[in-house]
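To keep things clear, I will list the structure first and then write my remarks on it.
Numbers here simply count residues along the sequence, with the first being 1.
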Amino acid sequence: MSAPLFLVEALPTTDRHTLGGPEGHHAATVQRLRVGEPLLLADGRGGTASAEVVAVGRGTLDVRVTDRRHVDRPDPRLTVVQGIAKGDRGELAVQAMTEVGVDTIVPWAAARSVVRWRDGRGARARDRWVATAREAAKQARRPWLPAVAGDPDESTAVVARRLAAGAAAYVLHEEATERLSTVDLPATGEITLVVGPEGGIDRAEVDTFTAAGAVPVRLGEAVLRTSTAGVAALAVLATRLGRW
């Protein structure tokens with residue numbers, strides 16, 4: 001089993017470090033790491049450090065850093081515009097997309113989104129997406145934390161501007177004729193996927209995104225749930241781009 005990963009604000013600059021706070025509590029109390037066991041420290045911005053436990057305290061670990069490295073940000077970058085879904089489907093999508101390598105997640109207030117992120121509810125919902133992405137990145141041992149955009153979400157007009165500014169954009173749509181597995185992909189820049197909510201993407205939204213340069217695509221004959229469509233599409237792109 002690979003060493004567990006814990007997030008820190010900044011990587012230690014010396015060979016000794018004390019892991020405290022929530023991460024230290026999780027390492028010492030929940031995972032019960034012991035002296036001699038390996039672990040990884042990461043800053044979420046590409047920097048990682050291999051370390052070994054040298055002492056265990058109450059909710060803290062003293063570690064010895066054995067190696068440091070930095071992983072460049074992936075290019076092309078993969079962004080998913082995720083239509084806001086009801087219940088826990090949005091968080092399930094965020095968790096799985098993070099595990100398969102999404103770089104940016106954009107909460108989208110689609111016309112057919114049943115749930116609306118208004119007032120404090122929206123801020124709390126977005127915070128849950130951020131926390132879900134953070135924990136999933138740790139589980140997957142990712143050196144880069146995916147960014148969660150929105151304040152707390154983005155409108156169709158704002159998403160359209162985002163699509164126009166990127167290197168390529170694709171809208172997952174069941175009536176599309178082109179397939180994501182064969183469509184042309186750029187060699188660099190931002191690739192954006194648009195995933196609709198439970199009720200799908202409104203025709204006017206498809207027209208808006210197409211006018212911004214997006215290409216409607218499909219994955220296959222099956223119609224996937226909003227919580228799985230982005231994951232499947234990312235897997236296709238990760239394979240085609242050589243990430244997998």
Could you tell me the separation between the [atom1] atom of [X] and the [atom2] atom of [Y], rounded to the nearest 0.5 Å?
X	Y	atom1	atom2	value
Lys86	Arg116	NZ	CZ	13.5 Å
Arg225	Glu198	CZ	CD	9.0 Å
His26	Leu61	NE2	CG	11.0 Å
Glu190	Arg77	CD	CZ	5.0 Å
Leu5	Thr48	CG	OG1	8.0 Å
Ile201	Ser113	CD1	OG	10.0 Å

For residues [X] and [Y], determine if any side-chain heavy atom of one lies less than 4.5 Å from a side-chain heavy atom of the other.
X	Y	answer
Val171	Thr210	no
Val236	Leu219	yes
Trp108	Val80	no
Val81	Leu193	no
Tyr170	Val194	no
Arg162	Val106	yes
His17	Asp62	no
Arg45	His70	no

If you group Ile, Leu, Val, Met, Phe, Trp and Tyr by side-chain heavy-atom gaps below 4.5 Å, do [X] and [Y] land in one group?
X	Y	result
Val215	Leu237	yes
Val148	Leu7	no
Val159	Val195	no
Val130	Val115	yes
Leu224	Leu234	yes

Pair [X] + [Y]: basic N to acidic O under 4.0 Å:
X	Y	value
Arg161	Glu154	no
Arg243	Asp103	yes
Arg34	Glu37	no

Return the minimal non-hydrogen interatomic distance between [X] and [Y], and the atom names on each side.
X	Y	answer
Thr226	Gly196	OG1-O, 2.7 Å
Arg68	Thr13	NH2-C, 3.4 Å
Leu145	Arg134	CD2-CA, 3.9 Å
Val231	Ala96	CG2-CB, 3.4 Å
Ala214	Leu163	CB-CD1, 4.1 Å
Leu11	Gly47	CD1-C, 3.5 Å

Tell me, yes or no, whether the heavy-atom count around [X] atom [atom1], taken from other residues, nucleotides or ligands under 6.0 Å, exceeds 12.
X	atom1	value
Glu135	CD	yes
Asp184	CG	no
Arg69	CZ	no
Asp207	CG	yes

Checklist entry - When you look at Gln95 and Thr132, which way does the side-chain hydrogen bond (donor to acceptor under 3.5 Å, both in side chains) test go after all the steps? => result CA-CA 6 Å; Gln95 178 183 25; Thr132 298; over 6 Å; no
Next on the checklist: As a quick check of understanding, evaluate side-chain hydrogen bond (donor to acceptor under 3.5 Å, both in side chains) for Arg142 and Thr98, giving each step before the final call.
Outcome noted: CA-CA 9 Å; Arg142 288 189 55 179; Thr98 299; 5.0 Å; no
Item to check | Counterpart residues, side chain to side chain contact (heavy atoms under 4.5 Å, CB included), relative to Arg112 (two or more places apart) | outcome: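 For Arg112 the side chain to side chain contact (heavy atoms under 4.5 Å, CB included) partners, ignoring immediate neighbours, are Pro197, Asp202.
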Checklist entry - Do Leu39 and Val53 pass the side-chain contact (heavy atoms from CB on, under 4.5 Å) test, and can you show the C-alpha distance, the side-chain angles, and the key distance before you say yes or no? => result CA-CA 8 Å; Leu39 69 152; Val53 179; 3.7 Å; yes
Report yes or no: does [X] contribute a side-chain atom to a donor-acceptor pair with the main-chain N or O of [Y] at less than 3.5 Å?
X	Y	value
Glu52	Val65	no
Arg126	Gly150	yes
Thr66	Ser50	yes
Arg218	Glu174	yes

Next on the checklist: Determine whether Arg58 and His25 satisfy the following criterion, side-chain contact (heavy atoms from CB on, under 4.5 Å), listing intermediate values before the conclusion.
Outcome noted: CA-CA 8 Å; Arg58 188 171 183 178; His25 171 78; over 6 Å; no
Item to check | Stepwise salt bridge (Lys or Arg N to Asp or Glu O under 4.0 Å) check, Arg141 with Glu99 | outcome: CA-CA 9 Å; Arg141 276 67 160 176; Glu99 291 175 1; over 6 Å; no
Next on the checklist: Pair Val54, Val35 - check side-chain contact (heavy atoms from CB on, under 4.5 Å), show working.
Outcome noted: CA-CA 5 Å; Val54 295; Val35 172; 5.6 Å; no
Next on the checklist: Filter on ring-ring contact (aromatic ring centres under 6.0 Å, His included), then keep only pairs touching residues 117-146, sequence neighbours left out; what's left?
Outcome noted: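 Pairs touching residues 117-146 that pass the test: Trp117-Trp129.
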Item to check | side-chain contact (heavy atoms from CB on, under 4.5 Å) evaluation trace for His173 with Val217 | outcome: CA-CA 6 Å; His173 197 273; Val217 296; over 6 Å; no
